[in-house]
Asker: 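Okay, handing you the structure first.
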Amino acid sequence: IELLDRALDYYDTNEYNVVADIDEELMDLVLLRGNEIVYRKSMPKGTKDIVADIQYYVRKEFLAVMPEGLTIKILNMIRSDETSEDEFIEVRMRDLVSGIPKDYKLPRGAIEEVIDSGISKLYDFVKLFFDEMSKEGVLTEEALTNIGEKGIIYAGPLYTHGIMRERSP
């Protein structure tokens with residue numbers, strides 16, 4: 001609710017707004033008119049799933065264990081302009097079999113594909129949210145106009161780290 005209050009500070013409270021709050025375990029989509037919730041839907045998928053997808057990719061392809069903190073660091077590196085030209089991301093991880101730390105070169109393009117796949121699932125949920133609102137008659141012409149003019153308010157770690165912002169459709 002605090003997020004919704006902050007988001008509404010930027011907009012006329014008589015207009016419709018859509019807020020997508022994506023945290024570690026949940027994506028929550030809310031259609032608001034003023035301070036009232038008109039429609040709400042949640043999905044048990046969030047940033048944790050994208051982190052887990054990257055860790056699974058590394059485990060499968062490199063037989064290495066990638067800690068969550070390193071995965072978050074890689075998400076930030078992917079977003080960074082400084083490393084955008086690099087073909088590989090060099091990291092130190094533990095070998096899955098021996099447990100010994102080793103240096104690895106992760107292909108940047110493959111990691112980006114894993115991220116894009118996870119984000120695509122989140123955007124599919126946004127589309128489903130709009131389809132369901134439309135079927136239930138909640139998505140009025142006025143709501144569509146307001147949302148079309150302002151877009152969706154995204155919040156959460158993927159957005160604040162710039163990952164979703166750069167991959168918005």
Asker: Please walk me through it: do Leu106 and Met66 pass side-chain contact (heavy atoms from CB on, under 4.5 Å)?
Answerer: CA-CA 11 Å; Leu106 305 178; Met66 178 181 283; 3.5 Å; yes

Asker: Atom NZ of Lys127 and atom CG of Asp131: how far apart are they, to the nearest 0.5 Å?
Answerer: 9.5 Å

Asker: Please enumerate all residues that pass side-chain contact (heavy atoms from CB on, under 4.5 Å) together with Glu136, with sequence neighbours excluded.
Answerer: Tyr39, Val138

Asker: If you round to the nearest 0.5 Å, how far is CD1 of Ile54 from CD1 of Ile111?
Answerer: 6.0 Å

Asker: Sequence neighbours left out, what passes side-chain contact (heavy atoms from CB on, under 4.5 Å) with Thr145? Give chain and number order.
Answerer: Glu149

Asker: With sequence neighbours left out, write down each residue that passes side-chain contact (heavy atoms from CB on, under 4.5 Å) with Ser117, or none if nothing qualifies.
Answerer: Lys121

Asker: Scan residues 87-116 for pairs that pass ring pair (Phe, Tyr, Trp, His ring centres under 6.0 Å), counting only residues two or more places apart or in two chains.
Answerer: none

Asker: Give the cluster check for Leu144 versus Phe129: same hydrophobic cluster or not, with ILVMFWY residues linked at side-chain heavy-atom distances below 4.5 Å.
Answerer: yes

Asker: Residues in side chain to side chain donor-acceptor pair (under 3.5 Å) with Asp28, at least two apart?
Answerer: Arg40, Ser42

Asker: Can you tell me which residue pairs pass the side chain to side chain donor-acceptor pair (under 3.5 Å) test with a partner in residues 62-74, sequence neighbours excluded?
Answerer: none

Asker: Please say yes or no: joined through hydrophobic side-chain contacts below 4.5 Å, possibly via intermediate residues, are Leu63 and Val114 part of one cluster?
Answerer: no

Asker: Do Leu26 and Val18 sit in one hydrophobic cluster, given that two such residues count as connected whenever their side-chain heavy atoms are within less than 4.5 Å of each other, even indirectly?
Answerer: no

Asker: Can you see which heavy atom on Leu29 is nearest to which on Ala20, and at what distance?
Answerer: CD2-CB, 3.3 Å

Asker: Side-chain donor-acceptor contacts of residues 93-103 below 3.5 Å, not counting sequence neighbours, with atom names and distances?
Answerer:
residue: Arg94; atom: NH1; partner: Gly99; partner atom: O; Å: 2.7
residue: Asp95; atom: OD2; partner: Val97; partner atom: N; Å: 2.9
residue: Asp95; atom: OD2; partner: Ser98; partner atom: N; Å: 2.7
residue: Asp95; atom: OD2; partner: Ser98; partner atom: OG; Å: 3.2
residue: Ser98; atom: OG; partner: Ile100; partner atom: N; Å: 3.2
residue: Asp103; atom: OD1; partner: Arg92; partner atom: NH1; Å: 2.9

Asker: Less than 4.5 Å apart, side chain to side chain, heavy atoms only: is that true for Leu139 and Ile147?
Answerer: yes

Asker: Measuring only between side-chain heavy atoms, which start at C-beta, is Ile152 closer than 4.5 Å to Phe130?
Answerer: yes

Asker: Which side chain to side chain donor-acceptor pair (under 3.5 Å) pairs, counting each pair once, include a residue from residues 50-64, with sequence neighbours left out?
Answerer: none

Asker: Test of understanding: clusters of I, L, V, M, F, W, Y form through side-chain heavy atoms closer than 4.5 Å, transitively. Do Val51 and Val65 belong to the same one?
Answerer: no

Asker: Using every non-hydrogen atom in the two residues, find where Tyr16 and Ala143 come nearest and quote the distance to one decimal.
Answerer: CD1-CA, 3.3 Å

Asker: What residues form a salt bridge (Lys or Arg N to Asp or Glu O under 4.0 Å) with Glu113, not counting sequence neighbours?
Answerer: none

Asker: So Ile50 and Leu122, side-chain contact (heavy atoms from CB on, under 4.5 Å) or not? Walk me through it.
Answerer: CA-CA 10 Å; Ile50 293 173; Leu122 297 177; 4.2 Å; yes

Asker: Could you pull out all residues at least two apart from Glu132 that satisfy salt bridge (Lys or Arg N to Asp or Glu O under 4.0 Å)?
Answerer: Lys41

Asker: With a 4.5 Å limit on heavy-atom distance, are the side chains of Val126 and Met27 in contact?
Answerer: yes

Asker: Just how far is it from atom CD1 of Ile119 to atom CG of Asp124, taken to the nearest 0.5 Å?
Answerer: 12.0 Å

